[in-house]
Amino acid sequence: MHWEFVFAGYGVVLGGIILYATLLITRGRKVGAKLPPERRQFLD
Amino acid sequence: MSFDPPEPDQSPSAGQYPKPRSSTAAYLRSEPDSYALEPTSSEAGSADNSDDARSPDSKDKSSVSEFDGSGAVIELSEAVCVINQFPALAGATLSIDEGEIVLVRGPNGAGKSTLLRLCAGLIPLTSGTGNVLGHDLSDSKRRRLLRRESGLLAHQTYLYDQLTVEENIYFWAKANRVDVSTVDPVLDRLDLGGRLRTVAVGSLSAGQRRRASIALMISRRPRLWLLDEPHAGLDQGGRQLMDELVGHAIAFGATVLLASHDLDQATALATKTVAVVGGHIEEVEHHAP
Amino acid sequence: MTAAGHDRGVGKGVDQPSTADAPADSPYSGNQNGGRGSAITDSASKDHPVGTESKLTRRLGVAALVAMAATLFFGLIVSGPEVYQRDAARLFYVHLPSVAVAYSGFTITLIGSVLYLMKKSIFWDLVAGAAAEIGVIFTAFVLITGMLWGKPTWGVYWQWSPRLTSTAVMFVMYIGYLAVRNLELPAEVRSQRAAVLGVINIANVFVVHFSIQWWRGLHQGQTLGVDTQLDGMMLFSLFLGMVAFMTTGAWLLVHRFRLGWLQHQQSKMLLETAIAERNAEAKTATAYGQGA
Amino acid sequence: MLHDAWLMAKKDLRIEMGSRVVLGQVLPFGILILILFGLAISPNLAVIAPNEPIAGFADRRSVLSQVAPGLFWMTVLLSSLMALNRSFLIESQDGNFDALKMAGLDPAGIFLGKVLAVIAQLLVLEAALGVGAAILYQLQLTDAVLLATAVVLATTAVTSAGTLYTALASGLQARDTLVPLLVLPVLAPVLLAATLATESAVFGPASDGWPWVLLLGVFTLLYVGIGIVSFGPIMEET
């Protein structure tokens, strides 16, 4: 019962997270590639 | 603001610098010619008189102000100013003493206007050090104090189109905490005293507007005059008047920084010329006094 | 301008190979594979991968993936339908955790803004901005899952329930915050304004929430709450969802912050290039000075 | 602070007297909006008045009359955005913010001055729009004191929050589009409280409206306070 709403909800949320994560990673690489290594150190 | 009834709250920096008691009498004595624009008062060359006449804070500076009058008025070292991600000043070094008239020249986009705005305390330093009138430019609180002591004549005229010349000047006088009665001589001096007084600024010509802007700046009685193209848009009489005003300012202890392309007019005034090129101050050339 | 164009050209040349090895097949496992991929190609600088990943985020990413998978398994398969709302109640396992992440994000924005105003350090500004962006995204999830839950439960997607309404208003307020962060202003000015707004926004959230609550309360009472009975397995699924979403939120926050940091570094580098160019300009252009 | 506020307010009002932008352009805009609402919401539809009928009033009231208080406040909000935009335009047209900073005016004073001037303009505007709404939407006043209090408080809240956010969005670009996005969500509670208070003042009973007026008072204090405190940091480096 009402599985379509459940799947829609899970789909939107998980899809959104994956999309955003992918976007962050590719954007990060794009920007990071332009920087020399000493400028992309993080405190880990 | 007013801590002593007989003492009119007149100085732009009265809030910052408590006046020593002893000088109140001297200050009051100087009241009649407190606005020193008339040529006669400028001829009184004695430091004593002119100091009193100009404004209370010039008298204060030996005792209270942190700027003691000796040493450089403007001291920049490797100053970098970034405007919209662009380094308008990219490491400017400059030293200017009190009483100097310095001509700043250079091509368009060299950073002249930015240099003046920096000295007015309007923009922050990105890196390097700077000290103007004893105020550290990297400290936003000190920069706020500097703004009140410096006068900037910029491309923008700082006037409200919808108000008349008189309303504009009175508003700015009150905003600057200047006695409104001292403003009338300034208007007369700039030929704005007559019919033009009650004309809305929006319907003035460019040159008249410029004069009103000059009146606004002068009425603040700044210790540092920062003039960006002061001759632009003025007729011959206006240019001469501008030069006279600069001369008076110097006589009363101000320092003038003047950016201009009108080199003939400006070089005649200047005691020193600096060239701004590519965000740097390249050369300094002294003129015979 | 020339500096930016120049740098952009260089960047394009370099980033081509690095994006090529980013996994394009399975975006779901993007973070995990991405980490490994870059570690292999970037063996020379293993400690400093090109992008925003690092050992820490890789571990965090794995943890998020595992927790997320567990949430799906327990939420959709193991736990049974709820007594009153049947299967629609399964939306709770993503709805409530999204609420938690969104509110945590906005709280971090508040903290970052306050600390920025105190210390004026770009670090806190970037933290506040990163957290707000994640907060906005998860608020969108909250609204969407809320509406999807509302349709089978109330029969309509949108009820003017105090919670839904004030969440929507809050959503728009933080979009405004992000818009201020994107204003074309000098960096310090923008950070300052964003920080002020980041603090004020919280006050607004409370005001909006309180007044809307009062409004709906006075008008028709809070009759819209629906009875729910969560058994042990459901509570466990909800707990798993919380863990999964908080871990995911943390992972996203770290990456978003690092992206901001890299962008900050990039703008710093562009500025240095521009200063160097101006220096060169100054050296060659002195001819003007002599000529004039 | 008060000296500077008074100075700024007088200056802004004098500019408005000279240019008549708010009265000449914003007010007609507001009246136009009132008329357009009438076209969008059919005045013929009748609804049963909520709850018990009130003495002296018909049980049935058109939808337009029923929602009139909300439409009125919506119109005021839209108009106030224009008035606020105008208030900042006069400072930015010739770089006057620089000069205000050089004069060393208290940022809180600038804020209060701008707020006072816009309040004065909006009150005039609201009086005119109120008469317009009463005529167009067939409203009758039951409690003038309630309405007046609500109007004054709501106007102050709208103006202070609006001034703050307009300053926040002022920059090189995008102000015109960004300000509504920033201001309107914040003003949602004000719209709500003002509308409900006005409903009570128009349809009665007035006792229902006073709690909302109280809430408006809280908003007003809050936003004026926030504005006084945060206007300095916003203006500082701009």
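Only heavy atoms go into these numbers, but all of them, side chains included; no hydrogens, no water, no symmetry mates. Letters A, B, ... mirror the listed sequences (proteins, then strands); counts begin at 1.
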All side-chain contact (heavy atoms from CB on, under 4.5 Å) counterparts of D/Asp4, not counting sequence neighbours: B/Arg177, D/Leu105, D/Asp106
Check [X] against [Y] and note the closest heavy-atom contact, atom names and distance.
X	Y	value
C/Met173	D/Val186	SD-CG2, 3.9 Å
C/Val172	D/Pro185	CG1-CG, 3.7 Å
C/Ser211	D/Trp212	O-CH2, 4.2 Å
C/Val196	D/Ser230	CG1-CB, 3.7 Å
D/Ala169	C/Leu183	O-CD1, 4.0 Å

If you tally heavy-atom pairs under 4.5 Å against chain C, which of D/Leu222, D/Leu215, D/Leu164 wins? D/Leu215
I need the residue from D/Ile226, D/Leu192, D/Val183, D/Val190 with the largest number of non-hydrogen atom pairs under 4.5 Å to chain C. D/Leu192
Check each atom of C/Val169 against the heavy atoms of chain D and say whether the ones under 4.5 Å are side chain, backbone, both or neither. both
With a 4.5 angstrom heavy-atom cut-off, is it the side chain or the backbone of C/Tyr177 that approaches chain D, or both, or neither? backbone
Holding to side chain to side chain donor-acceptor pair (under 3.5 Å), I want the full list of residues that pass it with D/Thr220, two or more places apart in sequence or in another chain. none
Identify each donor-acceptor pair in which a side-chain atom of residues 131-141 of chain C lies under 3.5 Å from a protein atom, sequence neighbours left out, and give them as a table.
from     : atom 1 : to       : atom 2 : distance (Å)
C/Glu133 : OE1    : C/Arg256 : NE     : 3.0
C/Glu133 : OE1    : C/Arg256 : NH2    : 3.2
C/Glu133 : OE2    : A/Tyr20  : OH     : 2.8
C/Glu133 : OE2    : C/Arg256 : NE     : 2.9
C/Thr139 : OG1    : C/Gly135 : O      : 2.5

I need the contact set between residues 198-207 of chain C and chain D: heavy-atom distance under 4.5 Å, sorted by residue number. C/Ile200, C/Asn201, C/Ala203, C/Asn204, C/Val207
Which answer fits D/Leu182, side chain, backbone, both or neither, if we ask what part of it has an atom under 4.5 Å from a heavy atom of chain C? side chain
Does NZ in C/Lys120 sit with more than 12 non-hydrogen atoms of other residues, nucleotides or ligands closer than 6.0 Å? yes
